[in-house]
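Notes for the one structure printed next.
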Protein chains: 4
Amino acid sequence: MRDKLIQSSIELFEKQGFAETSIQDIVSGLGVTKGAFYYHFPSKEALLLQIHQRFIDALLRRQHSILESAKTCSEKLREVVLMLLQNIEQNGASARVFFRELQNIKEENLPGVLEKRDSFRKGISDLIRAGMKSGEFRGDLHPDMTALGILGMCNWSYMWFNPGGLLQTEELAVYFTGLILSGIVREEQGWQ
Amino acid sequence: MRDKLIQSSIELFEKQGFAETSIQDIVSGLGVTKGAFYYHFPSKEALLLQIHQRFIDALLRRQHSILESAKTCSEKLREVVLMLLQNIEQNGASARVFFRELQNIKEENLPGVLEKRDSFRKGISDLIRAGMKSGEFRGDLHPDMTALGILGMCNWSYMWFNPGGLLQTEELAVYFTGLILSGIVREEQGWQ
Amino acid sequence: MRDKLIQSSIELFEKQGFAETSIQDIVSGLGVTKGAFYYHFPSKEALLLQIHQRFIDALLRRQHSILESAKTCSEKLREVVLMLLQNIEQNGASARVFFRELQNIKEENLPGVLEKRDSFRKGISDLIRAGMKSGEFRGDLHPDMTALGILGMCNWSYMWFNPGGLLQTEELAVYFTGLILSGIVREEQGWQ
Amino acid sequence: MRDKLIQSSIELFEKQGFAETSIQDIVSGLGVTKGAFYYHFPSKEALLLQIHQRFIDALLRRQHSILESAKTCSEKLREVVLMLLQNIEQNGASARVFFRELQNIKEENLPGVLEKRDSFRKGISDLIRAGMKSGEFRGDLHPDMTALGILGMCNWSYMWFNPGGLLQTEELAVYFTGLILSGIVREEQGWQ
DNA sequence: AATGAATGAGTATTCATTCAT
DNA sequence: AATGAATGAATACTCATTCAT
């Protein structure tokens, strides 16, 4: 029941937004009553918090296993990009809730979530840093800004990515990784 | 009064979200009553629509003037990136409302807004396409995906960009443009 | 409307208690909707506060005019007793609410009410003190305890006093005043 | 468990009132669940009824043993007053519940409680009557009104009596008895 | 151009109570 | 003797919107 409530609400939050989704909406689809909801969650916000935590925890776990592996930084980067896009493809609803509904988490509960978000970003910054050290990446990069750029490129796809569209998730990941690694200008151009 | 209402509501929508902001909140700060609001706007949603339209229209106008100018595609790209970041810096509140509160626009009013959003994206795709044709950019690019990647990188900054932070807006624009143009790998590496 | 809401709620609070009376109960009898209530009062508790304040303010006003008059202390005492009983007779409902529903006033609003209650009690203590000084009352009295005893005797009648019963209000006032002044033992008894 | 539930609820009812206390509140403090409550009591109201009955039964028992003893009416009166005040001192919480939460007893269960309340009052009326007959008290008293006056004086102390305050319970009982017996006017005054 | 009063539909939340286990 | 899950009805309060003035 607890999981069913979470699942049901993720879908509704995505479609209509957190504020626009009532507890009634959530339980109606499951054929139970509001009391059932409040037996499992102390408040609507607690549910949102749960959703956030599940989402970010899963991301962190997967990121960790990629970064720990013995691969080149470029390969790791490609895997992180793929993971982000796959996550949006598979858990699009959760992702949209995660990116949009941060403001509805009470201030007292924010730190826990923000800390994990930061930790994820730091994973990417560190990867850039490692690549710079190993000579794989340029030495004049700004690790933090670069990480934010990469994250933006990937995360923004939650607004438009359509798995049935032009490109498959894997193809998009390869393409975005290529962009990040090599940019868009013609390499043979002298003025580089 | 009309403009004051728009200004007041943009700030509140940004801080608390559209659904969480009441008409009372909007008018209270201005010392008027709800009737005043309904004299100027037929509904709360009409106000949101206005905000969206003002925002996207301004963007489109600025984008147009950049794309029309006689410059290289790389230079135009840098200017577009700068414009996006400047817009987020200067109209951060509007930007956050624009990116977050699309769902609160009634379906019948969506097409108008979405069309303009698409038109903006198409401006960038076309710029990529032009660069490919002119030989300035690589020939194997995916114009649409590339545009979405660039837009993501820039727009995402609405979530974190702090004008008083590490980099100035101009510096960030230069940096992001560099990323997009040249990527992050060391150029002298043989395997390129 | 504001006064109608107060009147309606006093009667309901008396019959059913504050907690047991819903806003719906209050407005239903007046043929208006809950919104109307919340236009006039910010909360249910604010209404209760109003009722308390009106009640105690009226009492204080009347007490003041009695204590200011040029009469003997015994006469003043009789008038205060009569006033208390009359007040319970005439505003029985308010009285019952006043005596019973103090706990439902939020702590932050309590001081104001308690202060006035104390002030009323002090009016009686002072009257006892004055009578002691003038030699009208015994010199070994405990002004505060005496005042509380008198108040208890009178106020308790809110639990049982029935104006249509055995005694008229005036008769009861005379009788209670007699009790307070002279007690119940036979005066000629030697052991006094 | 049954007694623990009663004890726990008396304290909560006193602090917060009957309506404001949930079954959850009652059981939480004992580390059990609501089911446990409903195993021992058929309803919340049944519990309140129990509390009332225990309280009034204890009072009646003690009153009976006083009235049966071989003492003067004045002495008996003093003992009844002391008993009432002691009861409020020792079972303050129960007393406050008893005086305040009568309204929450369902009409069908009221008669039993009211009958006992009346019986207690009648005990005092009869004591007055006996004293009048024996010549100990004045002959022009109104036994019922007098009893209600005495009860009011004593019971009202549940609103203010603080055992750690100015007077000890015994001193207060002596003082109140003195008031009732002899009143407050100077005895040597001719106009008595 | 704006107010003041009111509506009506909705919202999160609470809670006494039930019942299979 | 007690639990855990759930119900259903109620509750205070909110808010976009309306409208006579």
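Convention: sequence-line order gives letters A, B, ...; per-chain numbering from 1. Heavy atoms only: backbone and side chains are in, while hydrogens, waters and symmetry mates are out.
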What distance do Gln53(A) atom CD and Leu60(A) atom CG have between them, rounded to the nearest 0.5 Å?
11.0 Å
Starting the side chain at C-beta, find the nucleotide from dT13(E), dT7(E), dG4(E) nearest to Thr33(B).
dG4(E)
Among dT17(E), dG4(F), dA16(F), the one nearest any side-chain atom of Lys44(B) is dA16(F)
Would you check if there is a donor-acceptor pair between the side chains of Asn104(A) and Glu45(A) at a distance under 3.5 Å?
no
Determine which pairs satisfy salt bridge (Lys or Arg N to Asp or Glu O under 4.0 Å) with at least one residue from residues 16-38 of chain C, sequence neighbours left out, and list them in order.
none
Intra- and interstrand pairs of DNA chain E - dot-bracket, Watson-Crick/G-U under 3.5 Å, | marks other strand:
.||||||||||||||||||||
What is the distance from [atom1] of [X] to [atom2] of [N], rounded to the nearest Å?
X	N	atom1	atom2	answer
Lys4(C)	dA6(E)	NZ	C1'	13 Å
Phe37(C)	dC15(F)	CZ	C1'	17 Å
Arg2(A)	dG4(F)	CZ	C1'	14 Å
Tyr39(A)	dG8(F)	OH	C1'	17 Å

Pairs under 3.5 angstrom, nitrogen or oxygen only, protein versus nucleotides 18-21 of chain F, please.
none

Gly31(B) vs Ala36(C), nearer the 5' end of DNA chain E by closest nucleotide
Gly31(B)
For Ala36(B) versus Leu5(B), what's the shortest heavy-atom pair and its separation?
O-CD1, 4.4 Å
Please set out all donor-acceptor pairs under 3.5 angstrom arising from side-chain atoms of residues 89-99 of chain D, sequence neighbours excluded.
{"residue": "Glu89(D)", "atom": "OE1", "partner": "Thr169(D)", "partner atom": "OG1", "Å": "2.7"}
{"residue": "Asn91(D)", "atom": "ND2", "partner": "Asn87(D)", "partner atom": "OD1", "Å": "2.7"}
{"residue": "Arg96(D)", "atom": "NE", "partner": "Glu14(D)", "partner atom": "OE2", "Å": "2.5"}
{"residue": "Arg96(D)", "atom": "NH1", "partner": "Tyr158(D)", "partner atom": "O", "Å": "3.0"}
{"residue": "Arg96(D)", "atom": "NH2", "partner": "Glu14(D)", "partner atom": "OE2", "Å": "3.2"}

For Phe18(A), check ring-ring contact (aromatic ring centres under 6.0 Å, His included) against everything at least two apart and list the hits.
Phe13(A)
For dA2(E), does OP1 or OP2 lie under 4.0 Å from any side-chain N or O of His40(B)?
yes
Under 3.5 Å, is there a donor-acceptor pair between the side chain of Lys44(B) and the main chain of Thr21(B)?
yes
Strand contacts (DNA chain F) in residues 6-30 of chain D, 4.0 angstrom heavy-atom criterion:
none
